[in-house]
Amino acid sequence: MVEWTDAERKAIKDVWGKLKGDIIGPQALARCLIVYPWTQRYFGSFGSLSDAAAIMANKKVAAHGKVVLNGLGRAVQSMDDIKNTYAPLSVLHSEKLHVDPDNFRLLGDCLTIVVASQLGRSFTPDIQAAWQKFLAVVVSALGKQYH
Amino acid sequence: MVEWSDSERKTIASVWGKINVDKIGPQTLARVLIVYPWTQRYFGSFGNLSSASAVLANLKVANHGKTVLNALDKAVKNLDGIKATYSELSQLHCNTLNVDPDNFRLLADCLTIVVATSFRSEFNPAVQATWQKFLSVVVAALSSRYH
């Protein structure tokens with residue numbers, strides 16, 4: 001089981017508390033679709049994703065970005081039980097959505113960059129380390145039910 | 001061979017032009033050592049790396065961070081010949097320094113995060129995509145002479 005120090009718990013909750021889900025979620029998903037264009041294959045019904053501007057303006061991308069980030073909130077509230085918290089989501093992504101679990105890591109990376117650009121210098125190395133550890137646990141939990 | 005659009009060339013030159021190597025280099029290397037602590041094994045002669053604040057205050061880390069980031073200049077000035085440009089550095093890291101090439105990607109990731117914390121909203125998705133493409137070419141070139 002994952003062990004969290006008090007400092008890590010605080011860092012993760014502090015970062016989470018500063019994130020505006022309605023802004024951060026859409027930005028992270030948009031970046032994923034722009035920087036890793038193959039991920040667009042999962043969003044065939046979303047309309048125009050033809051260039052960066054189209055993706056950033058796309059309302060379905062924005063709405064789905066919020067959904068994804070709200071999902072992350074559950075892990076923040078349940079840091080000692082992330083694996084079980086995400087078991088049904090993991091099954092969903094594997095069996096219905098057929099998402100390559102590598103993409104969870106890519107989305108996590110894009111989220112980290114959005115967080116870094118929002119927090120600036122206050123995203124210190126210590127905080128980065130705790131945040132990346134948290135995302136690694138989330139990514140692992142989302143891949144756990146794949147078979 | 002890697003193809004660069006005019007817009008990508010412009011973006012890379014512009015980002016590089018705004019990077020203060022003396023500040024960004026040390027921050028980047030420090031983050032690698034803090035976020036991925038196993039990388040400290042390559043710096044046994046650097047003195048105290050026992051905590052994040054020790055790493056951040058360590059002058060040898062700072063100097064070496066500048067050295068590493070200055071070396072990126074050669075790639076920026078030679079976008080069409082990055083592989084050849086880094087051929088010797090690749091051999092050095094493989095044969096003499098025995099660095100696991102996975103670590104180049106980790107350093108590139110930390111550099112991207114430091115750039116995001118410095119440039120904030122200017123580091124928009126299109127810029128991020130180009131910058132990450134550039135760094136992945138650099139990472140591939142540094143790995144290219146490994147055997």
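Every chain is numbered from 1 and lettered A, B, ... according to where its sequence line falls, protein lines coming before strand lines.
- For B:Leu33, no part sits under 4.5 Å from any heavy atom of chain A, backbone or side chain.
- A distance-only check finds a donor-acceptor pair linking the side chain of B:Arg120 to the backbone of A:Gln118 [under 3.5 Å].
- Proximity to chain B is absent for every atom of A:Ser122, based on heavy atoms less than 4.5 angstrom apart.
- Considering all non-hydrogen atoms of both residues, A:Pro125 and B:Val35 come closest at O-CG2, 3.9 Å.
- Taking OG1 of B:Thr117 as the reference point, atom CD of A:Gln128 lies at 9.0 Å (rounded to 0.5 Å).
- By the criterion of side-chain heavy atoms lying less than 4.5 angstrom apart, applied directly or through intervening Ile, Leu, Val, Met, Phe, Trp or Tyr residues, B:Leu92 is grouped together with B:Tyr42 in one hydrophobic cluster.
- Heavy-atom neighbours of A:Lys10 NZ from other residues, nucleotides or ligands within 6.0 Å: at or below the threshold of 12.
- Only the backbone of A:Leu119 comes within less than 4.5 Å of a heavy atom in chain B; its side chain stays farther off.
- Note that the CZ atom of B:Arg31 and the OG1 atom of A:Thr124 stand 6.5 Å from one another [nearest 0.5 Å].
- Both B:Leu56 and B:Leu49 belong to a single network of hydrophobic side chains, linked directly or stepwise wherever heavy atoms of I, L, V, M, F, W or Y lie under 4.5 Å apart.
- Linking ILVMFWY side-chain heavy atoms closer than 4.5 Å, directly or via other members, places A:Val35 and B:Val138 in two distinct hydrophobic clusters.
- Counting non-hydrogen atoms of neighbouring residues, nucleotides and ligands closer than 6.0 angstrom, the NZ atom of A:Lys144 reaches no more than 12 such neighbours.
- The number of heavy atoms from other shown groups lying within 6.0 Å of CD (B:Glu88) does not exceed 12.
- Here the CD1-CG distance, from A:Ile34 to B:Asn124, works out to 8.0 Å after rounding to the nearest 0.5 Å.
- Heavy-atom neighbours of B:Lys133 NZ from other residues, nucleotides or ligands within 6.0 Å: above the threshold of 12.
- For the set B:Ser51, B:Ala116, B:Ala129, the count of heavy-atom pairs under 4.5 angstrom toward chain A peaks at B:Ala116.
- Looking at B:Tyr36, only its side chain comes within 4.5 Å of chain A, counting heavy atoms on both sides.
- A:Leu33 and A:Met56 fall within a single hydrophobic cluster, where Ile, Leu, Val, Met, Phe, Trp and Tyr side chains are chained together by heavy-atom contacts under 4.5 Å.
- One finds the CD atom of B:Gln132 at 4.5 Å from the CD1 atom of A:Ile113 (value rounded to the nearest 0.5 Å).
- Neither the backbone nor the side chain of A:Gln27 has a heavy atom closer than 4.5 Å to any heavy atom of chain B.
- Neither the backbone nor the side chain of B:Glu122 comes within less than 4.5 Å of any heavy atom of chain A.
- Hydrophobic clustering keeps A:Met1 apart from A:Leu142 (ILVMFWY residues linked when any side-chain heavy atoms are closer than 4.5 Å, directly or through intermediates).
- Distance check: B:Asp109 CG to A:Gln132 CD gives 7.5 Å after rounding to the nearest 0.5 Å.
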